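Both backbone and side-chain heavy atoms feed into the values below; hydrogens, waters and symmetry mates do not. Note that the structure is predicted; figures quoted are calculated from it, not measured.
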Amino acid sequence: MAYVHIDIDHEKCTVPFDCKKCLQVCPQAVFRVSPVKNVKFQETNAKEPGAWKLFVGYGDKCTMCNRCIEVCPVNALTITYK
């Protein structure tokens, strides 16, 4: 069975919560952002590299429109059909 596979280069995508471009442009809402660094009683800084991580929450909903790839300022996303 063939499916869409989305790769995220986390070395390039270091501040996804500050950027949010792929999240805003994706018509299927495929992506999610989650904090990686949690400090008790402190808000996680959106501009701190590595404090947040972008991940694919609903990859099966991807229609391969490539809008996320077009808007990514650091070219961290690739979509393949396997």
> Does one hydrophobic cluster hold both V30 and M64, with members joined at side-chain heavy-atom distances below 4.5 Å?
Replying inline: yes
> Can you tell me how far the CH2 atom of W52 sits from the CG atom of D18, to the nearest 0.5 Å?
Replying inline: 11.0 Å
> Can you name the closest pair of heavy atoms from E70 and C65 and give their distance?
Replying inline: OE2-O, 4.4 Å
> Could you state the interatomic distance from SG (C72) to CG (D9), rounded to the nearest 0.5 Å?
Replying inline: 9.5 Å
> How would you list, by chain and number, every residue that makes a side chain to side chain donor-acceptor pair (under 3.5 Å) with K20, sequence neighbours excluded?
Replying inline: none
>> Once rounded to the nearest 0.5 Å, what's the spacing between atom CD of Q42 and atom NZ of K37?
In response: 7.5 Å
>> Hydrophobic clusters here meaning ILVMFWY residues chained together by side-chain heavy-atom distances under 4.5 Å, can you tell me if V4 and F31 are in one?
In response: yes
>> Using 0.5 Å steps for rounding, measure from the NZ atom of K12 to the CG atom of N75.
In response: 6.0 Å
> If every non-hydrogen atom of P27 is compared with every non-hydrogen atom of R67, which pair is closest and at what distance?
Replying inline: CG-NH1, 3.6 Å
> Is the count of non-hydrogen atoms from other residues, nucleotides or ligands lying under 6.0 Å from F55 atom CZ greater than 12?
Replying inline: yes
> Which heavy-atom pair separates A29 from Y58 by the least distance, and what is that distance?
Replying inline: O-CD1, 3.8 Å
>> Does any part of the side chain of C68, heavy atoms only, come nearer than 4.5 Å to the side chain of I79, both counted from C-beta?
In response: yes
> How far does NZ of K21 sit from SG of C13, to the nearest 0.5 angstrom?
Replying inline: 12.0 Å
>> Does any part of the side chain of T14, heavy atoms only, come nearer than 4.5 Å to the side chain of V74, both counted from C-beta?
In response: no
> Same hydrophobic cluster for V15 and V33, using side-chain heavy-atom links shorter than 4.5 Å among ILVMFWY?
Replying inline: no
> About how many Å separate CG of L77 and CD1 of I8, when rounded to the nearest 0.5 Å?
Replying inline: 6.0 Å
> Do the side chains of I6 and L54 join up, straight or via other hydrophobic residues, at under 4.5 Å, putting them in one cluster?
Replying inline: yes
>> I'd like to check N38 versus T44 (side-chain heavy atoms, cut-off strictly below 4.5 Å). Are they in contact?
In response: yes
